[in-house]
Amino acid sequence: MNKTKPPAKPGSILPPSVDQPTDAGRRKALLAGLGAAGGAAAAGLMTPARALADPANLPPNVADWSKVLGPGVDVAPYGMPSKFEKTVVRRYVDWLTATPESSINFTPLYALDGMVTPNGLCFERHHGGVAEVIPDDYRLMIHGMVERPLVFTYQDLKRFPPQSRFYFLECAANGGMEWRGAQLNGVQFTHGMVHCVQYTGVPLRTLLEEAGVKPKAKWLLVEGGDSAGMNRSLPLDKALDDCMVVYSMNGERLRAEQGYPIRLVVPGFEGNMWVKWLRRIEVGDGAWMAREETSKYTDLMPDGRARRFTWEMDAKSVITSPCPELPCKQKGPQVIKGIAWSGRGKIARVDVTVDGGRNWHQARLEDPVLPKCLTRFYLDGWSWDGNPAYLQSRAIDETGYVQPEMAALQAVRGVNSIYHNNAIQTWRINPTGEVENVRLA
Ligand code: MTE
Ligand code: CO
């Protein structure tokens, strides 16, 4: 990494330490809307990384860090990433929303490996800021069409037999800025409203059985304890199928921003239904038609009608390297890396093209391939010759559903939608090695 690189200019959405090419040739829209990224000159992209290193630390010399006794244990009682990784953080785009309390930030997908998202990098979406719930004062109420209305404490919930499951969570608005054309120049921003962690908690079914759901019940209202009081209607059959009431993610207690002490997990469904700081479950026989399922989280169609209750997240994938944050630094062999996911089950196959869809190559899926989880894929054998290349990935899930091109998606849904954009993403590699977000007709 170039030590002398200047920080990104104010207003840039690109991480300051990620090597960025010059802005020559960038679309006007990007210059106007986002600001251009500073960074390494195009010629510098071809410089071997070793030329940037301090020769004193290179073989056969003994490196600086080998000559001193390092810090002892407990310098950081809660460990943090290496200081050299300090630019790998969630980022947000300040012009997207009016206030940070009702806003979103994005997972740095370009910097992650495997299929698990580290807790501190899981994107956040709050409608009323992060609630600071005192665990001793926490209660979960289940009432309505039940035999026994119940109130659980945090400790009560931890006494039930637990289960642990990996699931992705994707905000329905992920990619929402990209409907009408290529907008944001970074995979963190085009696709970063997704994370995948291992949850531990109680099946929702267990709690509903404890309360005794009445035979005529069909729906639940699930409500958060934050200042937004976010609530959604959830079909009872989904609640009894695979939903969980969880207290842990990746082995530790939920982070405050992910709903501490308790959140709902609704596998494969849009993130909005995964209520954080869960305080109330009402059992009923009809949907509540709450704000978040009527005014919001519906998809306006070309004929003026709106799709509603579009819960399941369609199969989707994206290439996370190369990408705008990770330009091609040199010609020759490149491993193309990416992630794919489907709200309907497992990813069955991912295809990758380097020529804008003329030829497709089957990618290697990395284990584990789990239902309703991010799946890591690689295309190993490609060599970049320095000419422009158009990289795309296409996910196919176990139901046979194929991720669509944007033109096909727009033919059905028009351009009024914000939510549920699962179109194929194109990255253009320019001769300088710079990678940009483009839309192929
Ligand atoms: N739950 C409550 N109580 N309040 C909220 O604002 N946001 C929802 C959902 N649950 C929200 C909530 C939305 S829109 C999404 S996408 C997910 O939480 C985001 O979860 P995360 O912040 O853990 O990534
Ligand atoms: Co959301």
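Both ligands and their constituent atoms are indexed starting at 1 by order of listing.
Both tests hold for K238 against F269: distance to the six-membered ring centre under 6.0 Å, angle to the ring axis within 45°. In this structure, K158 forms a cation-pi arrangement with Y154, its terminal cationic atom sitting closer than 6.0 Å to the ring centre and no more than 45° off the ring axis. Cation-pi contact between R263 and W277: absent, since separation from the ring centre below 6.0 Å together with deviation from the ring axis within 45° is not met. R344 forms a cation-pi arrangement with Y401, by the criterion of a distance under 6.0 Å to the ring centre and an angle within 45° of the ring axis.
Taking all atoms of both residues into account, the shortest heavy-atom contact from D226 to M230 is OD1-N, 3.5 Å.
Among all non-hydrogen protein atoms, the one lying nearest atom 14 (S) of ligand 1 is Y297 OH, 3.1 Å. Nearest protein heavy-atom contact of atom 19 (C) of ligand 1 is R125 CB, 3.8 Å. The nearest heavy-atom contact from the protein to atom 11 (C) of ligand 1 is M230 SD, 3.3 Å. For atom 9 (C) of ligand 1, the nearest non-hydrogen atom of the protein is G271 O, 3.2 Å. Atom 1 (N) of ligand 1 has K276 N, 2.9 Å as its closest protein atom, hydrogens excluded (heavy atom only).
Of the candidates S321, C323, P322, P322 is the only one forming a side chain to side chain contact (heavy atoms under 4.5 Å, CB included) with L391. In summary, of the residues considered (P135, P261, P162), a side chain to side chain contact (heavy atoms under 4.5 Å, CB included) with Y247 occurs for P162 alone.
Less than 4.0 angstrom separates some heavy atom of C171 from each of these atoms of ligand 1: 16 (S). Each of the atoms 2 (C), 3 (N), 4 (N), 5 (C), 6 (O) of ligand 1 lies under 4.0 Å from some heavy atom of D226. Those atoms of ligand 1 that come under 4.0 Å of a heavy atom in H127, given as number and element, are 5 (C), 6 (O), 7 (N), 11 (C), 14 (S). Close contacts between ligand 1 and W274 involve ligand atoms 9 (C), 10 (N), 18 (O) [criterion: under 4.0 Å to a heavy atom]. Annotation for ligand 1: atoms under 4.0 Å from non-hydrogen atoms of V275 are 1 (N), 10 (N). Counting atoms of ligand 1 from 1 in the listed order, those under 4.0 Å from a heavy atom of E257 are 22 (O). Near W277, the atoms of ligand 1 lying under 4.0 angstrom from a non-hydrogen atom of the residue are 2 (C), 3 (N), 4 (N). Near G224, meaning under 4.0 Å from any of its heavy atoms, are these atoms of ligand 1: 3 (N).
Only the side chain of L169 comes within 4.0 Å of ligand 1, counting heavy atoms alone; its backbone N, CA, C and O stay farther away.
Side-chain rings of W274 and F168 stay apart, their centers remaining 6.0 Å or farther from each other.
Between F123 and ligand 1, at least one pair of N/O atoms sits closer than 3.5 Å.
The option with the heavy atom closest to atom 18 (O) of ligand 1, from among E124, R263, H126, is R263.
At least one donor-acceptor pair closer than 3.5 Å links the side chain of N174 to the backbone N or O of H191. The backbone N or O of F106 lies less than 3.5 Å from a partner atom in the side chain of Q188, making a donor-acceptor pair.
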